Amino acid sequence: MGVLDVLAENNFGDTRSGGLAGPMGLLIIVLLGIVTVLLIRNMTARIRRLPAEFPDPDAQRRDRDAQHRDPEAGSAADSGANPDQLDKSTPA
């Protein structure tokens with residue numbers, strides 16, 4: 001019963017001796033305010049480091065799929081040559 005008596009004791013009430021509700025509440029509110037300010041500063045810095053635009057994943061997927069389907073067309077596009085002028089009779 002000793003643990004229950006300690007837990008049931010009114011340490012946070014409006015008693016004149018040892019009332020901690022006001023100071024503890026203030027401490028918690030101040031700590032939450034400080035943590036919120038630090039989180040906002042951190043996230044703002046991270047957002048500023050992001051690029052203005054991200055590459056289109058669909059375009060990259062289409063390019064990769066096109067190279068898998070026709071490797072000669074992909075290598076011609078990479079080399080800058082016109083695919084119509086390539087000699088298809090010689091193996092790559």
Side-chain angles (χ1 to χ4, degrees):
M1 278 289 188
V3 175
L4 290 177
D5 290 335
V6 171
L7 291 176
E9 188 176 333
N10 185 10
N11 285 335
F12 297 104
D14 57 355
T15 60
R16 297 258 179 204
S17 62
L20 295 175
M24 287 297 284
L26 178 64
L27 176 68
I28 290 171
I29 290 172
V30 168
L31 288 176
L32 285 174
I34 292 170
V35 168
T36 302
V37 168
L38 292 175
L39 283 173
I40 290 171
R41 289 182 61 193
N42 185 14
M43 294 309 294
T44 302
R46 287 180 179 266
I47 288 173
R48 286 186 183 152
R49 283 186 268 164
L50 288 174
E53 292 183 9
F54 291 98
D56 185 17
D58 293 333
Q60 291 176 351
R61 188 179 307 125
R62 283 190 301 260
D63 292 343
R64 188 176 59 239
D65 291 343
Q67 287 178 356
H68 285 297
R69 276 186 250 143
D70 191 4
E72 289 182 11
S75 63
D78 292 340
S79 65
N82 187 354
D84 296 331
Q85 295 175 349
L86 290 176
D87 184 16
K88 300 282 184 176
S89 62
T90 60

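Nothing fancy with the numbering, it's 1 onward along the sequence. Everything numeric in this text was worked out from a predicted model, so none of it was measured.
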When rounded to the nearest 0.5 angstrom, what distance separates CG in Leu39 from CD1 in Ile34? 12.0 Å
Quick one: do Asp65 and Arg62 make a salt bridge, cutoff under 4.0 Å? no
Taking the side chain as every heavy atom from C-beta outward, state whether Met43 and Leu38 have any pair of such atoms under 4.5 Å apart. no
Tell me which one of Ile28, Val30, Ile29 satisfies side-chain contact (heavy atoms from CB on, under 4.5 Å) with Leu32. Ile28
